[in-house]
*Asks:* 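A single structure is presented below for examination.
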Amino acid sequence: MNVFVTGGTGYIGSHTCVELLEAGHSVVVADNLVNSSAESLRRVERITGRAVEFIECDLRESAAVDAVFASHRFDCVLHFAGLKAVGESVAKPLLYFENNLNSTINLCRAMAEHGVKKIIFSSSATVYSPDNVMPVNEESRTGGCTNPYGWTKFMCEQILRAEAEARGDWSVILLRYFNPVGAHPSGLIGEDPRGIPNNLMPFISQTAAGRRDHLNIFGNDYDTPDGTGIRDYIHVVDLARGHVAAMNYMEKVTGTEVFNLGTGAPCSVLEMVRAFEKATGVKIPFRIAPRRPGDVARVYADPSKSLRLLGWKSELSLEDMCRDTWNWQSKNPDGYGGDL
């Protein structure tokens with residue numbers, strides 16, 4: 001297939017480009033580089049031995065999006081582009097609504113205009129209502145999101161569902177991610193957030209590398225065994241492979257389908273810290289900080305539908321996640337800002 005990957009220079013997008021190329025697909029990436037680096041795609045090309053076409057493009061600019069579709073023939077779109085930090089979304093809600101919704105609307109318009117009928121959307125477990133019984137499956141309640149980021153994912157899902165229903169011949173797959181961590185085992189690509197990390201694993205690894213004095217653990221008074229938040233951490237390579245499985249599945253169906261991409265085996269923040277220390281031999285100094293707005297005590301997946309229909313399940317362990325994260329961080333102490 002000829003695949004258009006929005007946000008493809010980012011953490012999950014770049015790893016998915018590797019899996020797409022290794023599965024024989026052709027890839028065109030668009031990204032505005034607001035929180036990523038084009039160096040990631042040069043690394044993708046080194047890993048796969050295949051070329052990736054890159055277009056610097058902001059999906060909020062409808063004319064620019066239309067120009068990409070006018071000059072290419074795409075069979076499928078993988079839509080990763082979007083702002084994704086929970087805490088920042090609480091502080092800057094209008095930025096998140098404007099960016100994430102407008103980019104999705106412009107993308108749908110261009111798809112309709114140019115006859116592209118297949119899209120896989122990078123959604124999130126944040127769309128699930130916090131009062132669900134765990135683990136959540138694809139039929140669990142959605143809405144009641146605890147932060148604007150989650151609401152943008154929820155609203156984008158509604159936009160795509162409505163468009164698929166109105167068109168009748170579109171295939172839409174909504175992939176609800178849990179907590180991606182890890183890096184490609186080559187150490188060539190990984191998570192490289194700008195500024196202070198918002199996610200746990202890059203904060204742990206940057207602390208291990210000496211870029212941070214200590215790790216902040218946001219809250220130790222949750223109703224969990226050790227008081228810290230419980231999440232479903234999934235290796236980013238497993239997550240990327242889930243997109244290839246979803247592309248294969250959508251060849252046979254129209255309409256909208258939802259799949260959880262998680263392990264179903266959650267762990268707490270403190271357990272992740274201890275697992276990282278065990279896998280790497282590096283001690284992580286940490287401090288307890290106040291809870292962050294928008295965070296919940298526990299979220300983890302029932303991924304059985306993905307196994308049943310996509311033939312996909314997570315295969316990489318917590319040890320793999322920690323080892324591959326440290327391999328990336330130790331080889332790239334300055335992220336994509338350094339040479340490798």
Side-chain angles (χ1 to χ4, degrees), residues 1 3-8 10-20 23 25 27 29 75-84 100 103-104 107-108 111 116-128 135-140 142 145 149-161 163-164 170-182 199 231-264 299-316:
M1 284 191 193
V3 186
F4 182 42
V5 181
T6 75
Y11 174 46
I12 301 170
S14 60
H15 285 82
T16 302
C17 285
V18 169
E19 299 303 321
L20 290 170
H25 301 290
V27 174
V29 168
D75 300 303
C76 180
V77 174
L78 269 61
H79 183 27
F80 297 99
L83 299 174
K84 64 173 187 174
N100 294 2
S103 60
T104 301
L107 188 61
C108 286
M111 288 175 60
V116 181
K117 302 176 181 180
K118 299 181 187 300
I119 182 169
I120 296 173
F121 176 57
S122 169
S123 192
S124 167
T126 56
V127 304
Y128 287 115
V136 288
N137 61 38
E138 292 80 358
E139 302 303 316
S140 297
T142 58
C145 305
Y149 164 71
W151 278 117
T152 67
K153 290 297 186 182
F154 177 87
M155 292 173 183
C156 286
E157 285 194 4
Q158 308 317 306
I159 291 167
L160 290 165
R161 284 180 186 276
E163 196 67 11
W170 277 30
S171 295
V172 171
I173 291 185
L174 310 173
L175 296 181
R176 293 175 180 161
Y177 307 164
F178 282 70
N179 291 73
V181 297
N199 295 329
R231 298 292 183 268
D232 190 335
Y233 297 97
I234 178 172
H235 199 296
V236 67
V237 171
D238 276 334
L239 187 70
R241 290 169 179 165
H243 292 75
V244 179
M247 279 179 53
N248 294 336
Y249 176 79
M250 76 191 315
E251 284 292 285
K252 304 173 287 187
V253 298
T254 57
T256 302
E257 283 279 9
V258 182
F259 295 98
N260 284 339
L261 294 186
T263 66
V299 180
Y300 57 98
D302 173 356
S304 58
K305 181 182 177 182
S306 294
L307 176 60
R308 186 173 71 252
L309 296 184
L310 302 182
W312 172 91
K313 66 177 181 178
S314 62
E315 298 178 346
L316 297 167

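Any value given below was found using the heavy atoms of this structure, including those in side chains, with hydrogens, waters and symmetry copies removed. If you read the sequence from its start, that first residue is 1, and numbering goes on from there.
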*Asks:* To the nearest 0.5 Å, tell me how far L316 CG sits from R241 CZ.
*Replies:*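 CZ of R241 is found 6.0 Å from CG of L316.
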
*Asks:* Does T254 reach the main-chain N or O of W170 with its side chain, forming a donor-acceptor pair under 3.5 Å?
*Replies:*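 No, the answer is negative, given that no donor and acceptor are paired below the 3.5 Å cut-off.
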
*Asks:* Is the ring centre of Y177 less than 6.0 Å from the ring centre of H243?
*Replies:*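 Ring centroids of Y177 and H243 are less than 6.0 Å from each other.
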
*Asks:* So, Y11 side chain and V181 main chain: donor-acceptor pair closer than 3.5 Å or not?
*Replies:*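 At least one qualifying donor-acceptor pair exists.
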
*Asks:* Would you call H25 and D75 a side-chain contact if the rule is heavy atoms closer than 4.5 Å?
*Replies:*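 They are not in contact (no side-chain heavy atoms under 4.5 Å apart), so the answer is no.
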
*Asks:* Taking all atoms of both residues into account, what is the closest heavy-atom pair of F259 and Y249, and its distance?
*Replies:*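 Distance-wise, the nearest heavy atoms are CZ-CE2, 3.9 Å.
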
*Asks:* Got a donor-acceptor contact below 3.5 angstrom from the K313 side chain to the R308 backbone?
*Replies:*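 No.
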
*Asks:* Working to the nearest 0.5 Å, report the span between CG of L174 and NZ of K153.
*Replies:*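 Answer for the CG-NZ pair, L174 versus K153, is 10.5 Å.
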
*Asks:* Is it the case that the side chain of E19 and the backbone of H15 share a donor-acceptor pair, with hydrogens and angles ignored and the cut-off at 3.5 Å?
*Replies:*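 No: the side chain of E19 does not pair with the backbone of H15.
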
*Asks:* What is the minimum heavy-atom distance between P180 and I12, and which atoms define it?
*Replies:*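 Closest heavy-atom pair between P180 and I12: CG-CD1, 3.7 Å.
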
*Asks:* Would you indicate whether the side-chain heavy atoms of M250 and I120 approach each other to under 4.5 Å?
*Replies:*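 Yes - at least one pair of side-chain heavy atoms lies under 4.5 Å apart.
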
*Asks:* If I take atom NZ from residue K118 and atom CE from residue M1, how far apart are they, to the nearest 0.5 angstrom?
*Replies:*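 Reported value, rounded in 0.5 Å steps: 6.0 Å.
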
*Asks:* Ignoring hydrogens, what is the shortest heavy-atom contact between Y149 and S124? Give both atom names and the distance.
*Replies:*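 Where Y149 meets S124 most closely, the heavy atoms are OH-CB, 3.6 Å.
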
*Asks:* Would you say that E157 contacts R176 through its side chain, given a criterion of any heavy-atom pair below 4.5 Å between the two side chains?
*Replies:*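 In contact.
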
*Asks:* Would you say the side chain of H235 lies within less than 4.5 Å of the side chain of E315, judging by non-hydrogen atoms?
*Replies:*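 E315 vs H235: side chains apart.
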
*Asks:* Mind running side chain to side chain contact (heavy atoms under 4.5 Å, CB included) on T152 and L83 for me, showing each step along the way?
*Replies:* CA-CA 10 Å; T152 67; L83 299 174; over 6 Å; no

*Asks:* Could you pull out the closest heavy-atom pair between D232 and A301, with the gap in Å?
*Replies:*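 Nearest heavy atoms, D232 then A301: OD2-N, 3.0 Å.
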
*Asks:* Please report the interatomic distance CG(L175) to OG1(T16), rounded to the nearest 0.5 Å.
*Replies:*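 So the CG of L175 and the OG1 of T16 are separated by 9.5 Å.
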
*Asks:* Can you tell if the side chain of M111 reaches within under 4.5 Å of the side chain of E163, non-hydrogen atoms only?
*Replies:*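 Heavy-atom side-chain distance check fails, nothing below 4.5 Å.
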
*Asks:* Run the side chain to side chain contact (heavy atoms under 4.5 Å, CB included) test on V77 and L107 for me, step by step, so that the C-alpha distance in whole Å, both residues' side-chain angles and the decisive distance to 0.1 Å come before the verdict.
*Replies:* CA-CA 9 Å; V77 174; L107 188 61; 3.9 Å; yes

*Asks:* Taking the side chain as every heavy atom from C-beta outward, state whether F80 and V5 have any pair of such atoms under 4.5 Å apart.
*Replies:*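 The answer is yes; the side chains approach within 4.5 Å.
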
*Asks:* Is any side-chain heavy atom of F4 closer than 4.5 Å to a side-chain heavy atom of V116?
*Replies:*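 Not touching, per the 4.5 Å side-chain cut-off.
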
*Asks:* For the side-chain contact (heavy atoms from CB on, under 4.5 Å) test, which of L239, V136, T263, L261 pairs with F178?
*Replies:*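 Answer to the side-chain contact (heavy atoms from CB on, under 4.5 Å) test with F178 among L239, V136, T263, L261: V136.
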
*Asks:* Considering only heavy atoms from C-beta outward, does the side chain of I119 approach that of L160 to under 4.5 Å?
*Replies:*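 Yes; the side chains approach each other to less than 4.5 Å.
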
*Asks:* Counting only N and O atoms by type, is there a donor-acceptor contact under 3.5 Å from the side chain of N100 to the main-chain atoms of C156?
*Replies:*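 Side chain of N100 to backbone of C156, a donor-acceptor pair under 3.5 Å: no, none is there.
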
*Asks:* How about K117: does its NZ atom have over 12 heavy atoms from other parts shown lying under 6.0 Å from it?
*Replies:*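 Result for NZ/K117: open.
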
*Asks:* What closest approach, in Å, do N260 and N137 show between heavy atoms, and which atom pair accounts for it?
*Replies:*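 Minimum heavy-atom separation between N260 and N137: ND2-CA, 3.6 Å.
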
*Asks:* Measure across S306 and E138 and return the closest heavy-atom pair with its distance rounded to 0.1 Å.
*Replies:*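 Closest approach of S306 to E138, heavy atoms only: OG-OE2, 4.4 Å.
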
*Asks:* Rounded to the nearest 0.5 Å, how far does OG of S171 lie from CD of E251?
*Replies:*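 One finds 8.0 Å between CD of E251 and OG of S171.
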
*Asks:* Distance-only, no hydrogens or angles: does the K305 side chain make a donor-acceptor pair with backbone N or O of V258 under 3.5 Å?
*Replies:*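 Flag set: sc K305 to bb V258 pair under 3.5 Å.
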
*Asks:* Quick check for you: to the nearest 0.5 Å, what is the distance between W151 atom CH2 and T126 atom OG1?
*Replies:*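 Rounded to the nearest 0.5 Å, the CH2-OG1 separation comes to 10.5 Å.
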
